[in-house]
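Notes to accompany the following structure.
The residues of the chain are indexed from 1 along the displayed sequence. Computed from a predicted structure; not experimentally measured.
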Amino acid sequence: MGHNGIINYEVDVQDDKVEDLKILKHSETSGIFNQVIDKLKQNIIDEQSFNVDTISGATVMTQALLTSAQKAVADEGITLTPVPKAKKATTTQHLRTDVVIIGGGEAGLVAGCRALTMGQKVILVEKNGYLGGATILNGSNVVGTGSKVSAQIFDNNHDTPEMLAQDVARESLETNYPALTQLMVDHIGPAIDFISDFADLHYQKAQTQTPEHSINRQIELPSASSYELIQKVSRAFTAAGGEILLDTPVQSLTFNRQGQLNGLVGKQHGQLIKIKARSVVLATGGHGANQKMRGAESQGIDYYGPMTSTGDAYEFNADLDLQTHDLDWYKIYPHGVEVEPGVAKLTTYASKQATDMGAIYVNTKGERIVNESNVYTAFRNAILKQADKTAYLLMDERTWKQVYDLLILHDFTPQEIKGFFADTTKRPIFVKGDLTTVAKAAGVNADRLAQTVSDYQGYVKAGHDREFGRDPKYLHQYEGDTYYLIEQRDRFATTLGGYTTDSKSLQLLTSKNALVANYFGAGEVIGGANGHDSMPSMMNTWGIASGYVAGAAASENAKAQQKAGDDEANIVAIVGTNASKSYNRKLLYAMKDLMDAQASLDICEIKDLPLFNEDDLDNEPATVKALAAKIDAADGVVIAVPEYDHSIPAALKSAIEWLSCAEHPFKDKPVMIVGTSLGIQGTVRAQMNLRQILDSPGVDAKVMPGNEFMLPQAGTKFDENDHLDDDGSEHFLKQCFGNFLDYITAVAAKTTVQA
């Protein structure tokens, strides 16, 4: 049993080894299933075990597959021999890029592609084990107003951004943010042309041109599926040099010494990943699945979007005091059934077919509530007005047969529907029988329902709907005595409010209307362009247009930073021993993890340097030259020194002799000394000895006075991941390193004045 229904599959085993996992039939969301199943299968085959990690964002489905497969294989008496798992890295991975994108949905991918084409290095992080976000549940329909693509499709239908903006304002009852709407309508044309060319997308006229739009302008991909969009765009993104990190939820943001955003910390399969970037684009999607963020206004409206839309950004952005707006806005559709408490599945295609064949909407009083051929907003509002926020779609058997086929085609299973009819005591309500039977089973007033049907039959015969003015072409007589009454409830998948941005660059704003340096937003997480209700196709329109704009703005910001010069300190950190195991090496890596947001630490070894020999000065080793060049280019140097016999190790002394005779990179170079040992005195004598050496003629380093960091009892101060596990020591180390960065600035200023 998967998330949406039964998954039929087989496990192929040969000689007690798993050879393959073949999916025979499933009713999962294809865009998600197709991305995760190959990854899961490969993990099983590689590890010869079903005790592998589930895929983030598809945990229910993948765990169900693993559990049932393990049981099936065990029931056959087969014993697998697991391949030993490779030991997971415990050290933090450090990455650098120009632009980092948070979120792998439509908006994030378009932003990443745009930044790549503007010459930036781009990394995209996605918390799920697949790409697509909420987009993966939608169709590919979008508008192409102002694009060359649409001009060819519609043969220059004279659509304009101004016309689109007017439609948006009208349909949202003027609740849209005009400046953001203008940004959307002005950029969707160039954005469609850009992404079509970049990812080889071939848009065509959408099959459905909805009446909310005043002109035919809706386009879609040949498959009509957003999976085609995500698949092709992500493939083009990586082909152009973009890097995607899946299963990597963001833990926190990082900031430089001036308090400006300069990256993030993520976690992938237990390993921390720190990414430094000149620009960050937030494209994390909405918060619909987060019950705590939803207020009373959402009661009675079921959620059918991805259960991973939990508003994570509101957690890792908590310290930024970002400005938000309209968090209680939801894109609400009719045509849904509640399959779990508060969770719905859409029935749009089936419900539309039913009304086209003459079905009517009634409430528990047995009264019609709407013109069944009106626009979706009319349905939505009519259902919301009901005390129980529920309506019922009444149809005959000939209509039900076509409705049933469409339900099966769109995420329902025969077993699921059979279960609905079998138990009328709980949602969703699916009942059949004569008119009295269905009314009683659904809790609908039977007498009034009979009168409603009789009246409606009269309207059909007369060819005129006296009650709601329904188009006569949709007025059809009910046939036979068997009726079907199917629940209909409003549902939503996307939120329409979010963070507030500058209306030109989409740069995020604080609650005091100040721009947040280096931070841009795109997609659902920064709603407003479509107001409190978006027309069909407009969520994709906003995702693509805003991603296009944010990607460009982030690129320009990164270019400006690069031109101005990075202001972070470039530090060479020297491991002061040639021993393969050293707590001082651990100390430097712990420092790198702690200080990475403020400075760049390049950890260098001396174990490959030969013993100093004055006879070899005319034939200086390449390893010495390389280390000298790094020190010479650095803003400062940190040396982690062990203590051997009350002094520094011979290998470190030899290295400094090379670097003060053949080369002189330490001259006037700011240096910080740190050290740790198993004893209680740290490395106090070795540090004193090293200070004397660094002050000697030929070395002439500028050793930072005071701030002596000596970590005693090293064996108890690091955790299993080699991070410092002592709050007091960590606090003191941060303080000392902060002083060192100030010292570097002071030395540089003094040197400039003297020059």
Considering only heavy atoms from C-beta outward, does the side chain of [X] approach that of [Y] to under 4.5 Å?
X	Y	result
Lys39	Tyr130	no
Ile639	Leu652	yes
Gln260	Gln561	no
Val703	Leu690	no
Val52	Thr62	no
Ile693	Asn689	yes
Leu711	Leu724	yes
Val575	Ile606	no

Please check: side-chain N/O of [X] versus main-chain N/O of [Y], any donor-acceptor pairing under 3.5 Å?
X	Y	value
Ser582	Ala579	no
Asp635	Asn570	yes
Lys232	Ala199	no
Asn613	Asp615	yes
Asp668	Phe666	no
Glu126	Ile244	no
Glu730	Asp725	no
Lys669	Ala634	yes

Crowded around [X] [atom1]? As in, over 12 foreign heavy atoms under 6.0 Å?
X	atom1	result
Gln258	CD	yes
Asp12	CG	yes
Lys630	NZ	no

Hey, could you give me the [atom1]/[atom2] distance between [X] and [Y], rounded to the nearest 0.5 Å?
X	Y	atom1	atom2	value
Ile571	Asp602	CD1	CG	10.5 Å
Asp16	Thr79	CG	OG1	6.5 Å
Ser580	Arg585	OG	CZ	7.0 Å
Lys586	His723	NZ	NE2	11.5 Å
Glu643	Gln687	CD	CD	9.0 Å
Asn739	Phe737	CG	CZ	11.0 Å

Which heavy atom in [X] sits nearest to a heavy atom in [Y], and how many Å separate them?
X	Y	result
Leu594	Lys734	CD2-CE, 3.8 Å
Ala597	Asn262	O-ND2, 2.6 Å
Pro642	Ala686	O-CB, 3.3 Å
Pro610	Ser654	O-OG, 3.7 Å
His646	Arg685	CG-CD, 3.3 Å
Gly57	Thr308	CA-CG2, 3.5 Å

* Asked: Checking side-chain contact (heavy atoms from CB on, under 4.5 Å) for the pair Tyr499/Asn317: CA distance, chi angles, key distance, verdict?
  -> CA-CA 10 Å; Tyr499 286 121; Asn317 283 320; 3.5 Å; yes

* To do: Indicate the ring-plane relationship of Phe612 and Trp658, choosing parallel, tilted or perpendicular according to the 30° and 60° boundaries.
  => perpendicular

* Going through the distances and angles, do Lys127 and Thr310 end up as a side-chain hydrogen bond (donor to acceptor under 3.5 Å, both in side chains)? -> CA-CA 11 Å; Lys127 72 173 183 176; Thr310 50; 3.1 Å; yes

* Using the side-chain hydrogen bond (donor to acceptor under 3.5 Å, both in side chains) rule, take Ser647 and Asp645 through it: C-alpha gap first, then chi angles, then the decisive distance, then the call. => CA-CA 5 Å; Ser647 183; Asp645 298 331; over 6 Å; no

* Starting from the C-alpha separation in whole Å, work towards a yes-or-no answer on side-chain hydrogen bond (donor to acceptor under 3.5 Å, both in side chains) for Gln681 and Ser677. => CA-CA 8 Å; Gln681 289 188 313; Ser677 71; over 6 Å; no

* Would you sort out whether Met672 and Cys736 count as a side-chain contact (heavy atoms from CB on, under 4.5 Å), showing the intermediate values? => CA-CA 9 Å; Met672 175 183 181; Cys736 290; 3.6 Å; yes

Pairing of [X] and [Y] as salt bridge, 4.0 angstrom limit:
X	Y	value
Glu568	Arg96	yes
Asp98	Lys121	no
Arg257	Asp742	yes

* Please test Ser279 against Asn557 for side-chain hydrogen bond (donor to acceptor under 3.5 Å, both in side chains), starting from the C-alpha separation and ending with a verdict. => CA-CA 7 Å; Ser279 294; Asn557 181 72; 2.8 Å; yes

* **Thr92 and Tyr589: CA distance, side-chain angles, deciding distance, side-chain contact (heavy atoms from CB on, under 4.5 Å) verdict** => CA-CA 9 Å; Thr92 301; Tyr589 277 100; over 6 Å; no

* Can you check side-chain contact (heavy atoms from CB on, under 4.5 Å) on Val265 and Leu272, steps first, answer last? -> CA-CA 7 Å; Val265 180; Leu272 285 179; 3.9 Å; yes

* Asked: Between Thr676, Thr683, Leu587, Ile673, which is the residue that forms a side chain to side chain contact (heavy atoms under 4.5 Å, CB included) with Phe709?
  -> Leu587

